[in-house]
There are 2 protein chains.
Amino acid sequence: MTASHPPTHADALTYEMAGVNYDQVDPIKLLAQQSARATSAQLDRHGMQEVAASRGESAYVLDAGPFYLASIVECLGTKILVADAVYRETGKSFYAAIAQDTIAMAVNDLITVGATPLIVQAYWAAGGSDWFADKQRAADLIKGWKAACETCGVSWGGGETPALAGVVEGGTIDLGASCTGIVKPKSRLSLGDNLSVGDAIVILASSGIHANGVSLARKLAERLPNGYQTAIAPHGKAGELFGEALLAPTTLYAPVTEALAKAGVSVKYCVNVTGHGWRKLLRHTSVFTYRIHAVPPVPPVLAFMQAETKLDNSEAYGTLNMGAGFAFFVAPAQAEKTVAIARECGIDAWVAGSVEAGPKQVIIEPIGVTYSAEDLKLR
Amino acid sequence: MTASHPPTHADALTYEMAGVNYDQVDPIKLLAQQSARATSAQLDRHGMQEVAASRGESAYVLDAGPFYLASIVECLGTKILVADAVYRETGKSFYAAIAQDTIAMAVNDLITVGATPLIVQAYWAAGGSDWFADKQRAADLIKGWKAACETCGVSWGGGETPALAGVVEGGTIDLGASCTGIVKPKSRLSLGDNLSVGDAIVILASSGIHANGVSLARKLAERLPNGYQTAIAPHGKAGELFGEALLAPTTLYAPVTEALAKAGVSVKYCVNVTGHGWRKLLRHTSVFTYRIHAVPPVPPVLAFMQAETKLDNSEAYGTLNMGAGFAFFVAPAQAEKTVAIARECGIDAWVAGSVEAGPKQVIIEPIGVTYSAEDLKLR
């Protein structure tokens, strides 16, 4: 965050305090990215080449001749621990929802480059064979996985279901997904090459926390006397409990990207709003100012989290999605059409801002928060 | 195993005792496979279709028009715990080797369908951010990963390096890889459709345990007074220790499949010998008898394991690779050429057997062991 932000409330619960130390992860992540980049020369022997601009974006893209090939691997992360806790405490299984979350992590990233997702592979590493002995839980996971694949129009190709006692904690499961797709026609590639001043930023609603900021949510649950069973009123509906609200499955945006392509809307760039919250809007390498004039309604569970953790707006929007699950960058003439198509897909959307000439920053006017380039180091 | 096998030695250490219960895993795996199969209809909306015969094979294949698309996700499994233990005990880092193992798990599976591997994605889920704070260990992992990608001719597209305290055990890391490739020309597809009586079985050498049977190795280490620091002599070289011998990196077979294609050798079917050991030779749906007349030399570390765990040959060959890392099924006229090409790639190989008419079984003549269809239920 920039120094101009107001100081954090003394007993605020920050993301670093919740155990995620980006300073420790990032240097080795950068070394890995540099080493990865060097391997692209290997494609020469197959007469192929990568699309270099996809390095550092949400999915990797290769030029396969008649179309581009895109691939990604992603994980659910610690959201499984929320599902486990709620299941233990109430007997309610949210494993179908968790399956959708996992697929969303992969597919919502893959589609940012303009790819049509085609194949999902399941990576389900259990803490022991006994995880699968709970037939209801396992069947729910499978059911949710299948349904999410159907929503995204992908074929579930298979996967891996190892039992990894000693690597994965007993009683839980490490869930991940890989996704492969193609960009066809090649003009659908949306790596932001022609992102320009005046472009509109269309924001699509999130369904809740999705699967980022969950460490913070878990830390908060530990603090609350009733933990996950805490009512989130007055933020949420009467009777809505923290744990169950957290477990609303992540919105799947693939139907929207496909509908946009079908309707002839040319998407210039996309951002899947995940870790780093709204700071992700700074993802593209270009130097632009992104001015946001409208923020979406904050999902009750996130409003509750912000209030309880006493995060200021800069911290909240820099960590959580705060209602913005996905963003499209399109020519201004196509902004309203983009909104309309998203709504036809059942996902609320708004023309939320525009691309301006200026230093690399995102200015969220309604809440008086600005993030600058140094607030997001992903490459 | 069939009932005709001699009873197990009273204090033998079986795979079930080592904590892997296939009976518990398989039913839900089958349900997952059935649900996955149902999603293939989703491809209709993209004007594509799966190659149905790839279901249940080692990689999933889709007809993308000008070529086939293949994808896979795989995990290293518990071999990381051997590397962790040896690192703790001796300070020697085998994380570069472990990286190669992880890529081998994915790439060696992908190539079985005739695909040229193009993109690898890294899935590195650490038990905490601090895993990456050990710079040497992390740098070795990256170095080994890059080198393995170069051997396989793939581009390392990126990946995910989450810190998953509470899901992954502290101090360790859950390693996986996804791989995407293409089958081009389409005639390279090697799903066994034209596998026939008289075909030759060419076996390629393994480098050691690879990454299957590791739970058994770990259980054995617990039993040995010096654990991983036990000399494996007289099986191995003087001074060779159990832990380090286990950590010989898995052979990468992609250079061989590419060289065979270049030389015009038509591969009908491939088996990556992983879990279930030689029972994997029964993988294809066809009903044939696979008669093996020659077995490869047993790697010292596996000979040591068999001796120490008192597994009979049926159990040993049904669990461990026992020197056979990969198998090609080719027309008999191309068998010797296949062997020669593998050797040119630096991997020893033998014409080891042939496909015969008869019930579904693999007869390993030199050791008097037969596995029948009920010994392998993967679909």
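Numbers restart at 1 for each chain; the letters A, B, ... are given by sequence-line order, proteins then strands.
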Given that the side chain runs from C-beta out, which part of B/Thr116 has a heavy atom under 4.5 Å from chain A: side chain, backbone, both or neither? side chain
With a 4.5 angstrom heavy-atom cut-off, which part of A/Val73 approaches chain B: side chain, backbone, both or neither? both
If I measure from the heavy atoms of chain B, does A/Ala64 come under 4.5 Å with its side chain, its backbone, both, or neither? both
Please classify the contact of A/Ser58 with chain B as side chain, backbone, both or neither, using a heavy-atom distance under 4.5 Å. neither
Proximal component of A/Leu164, with respect to chain B [non-hydrogen, under 4.5 Å]: both
Cut-off 4.5 Å, heavy atoms of chain A, and the answer for B/Ala32 is both
Max heavy-atom pair count under 4.5 Å with chain B, selected residue of A/Ala38, A/Gly170, A/Cys75, A/Gly159: A/Cys75
Does any backbone or side-chain atom of B/Leu118 lie under 4.5 Å from a heavy atom of chain A? Answer side chain, backbone, both or neither. both
Which portion of A/Thr180 sits near chain B, non-hydrogen atoms under 4.5 angstrom: side chain
In terms of heavy-atom proximity below 4.5 Å to chain B, should A/Thr172 be classed as side chain, backbone, both, or neither? side chain
Segment of A/Ile182 engaging chain B (4.5 angstrom heavy-atom cut-off): side chain
Heavy-atom distance under 4.5 Å to chain A: side chain of B/Ile119, backbone, both or neither? side chain
Side chain, backbone, both or neither: which part of B/Ile72 has a heavy atom under 4.5 Å from chain A? backbone
With a 4.5 angstrom heavy-atom cut-off, is it the side chain or the backbone of A/Leu76 that approaches chain B, or both, or neither? neither
May I ask you to decide whether A/Arg55 forms a salt bridge with A/Glu50, counting only side-chain N to carboxylate O separations under 4.0 Å? yes
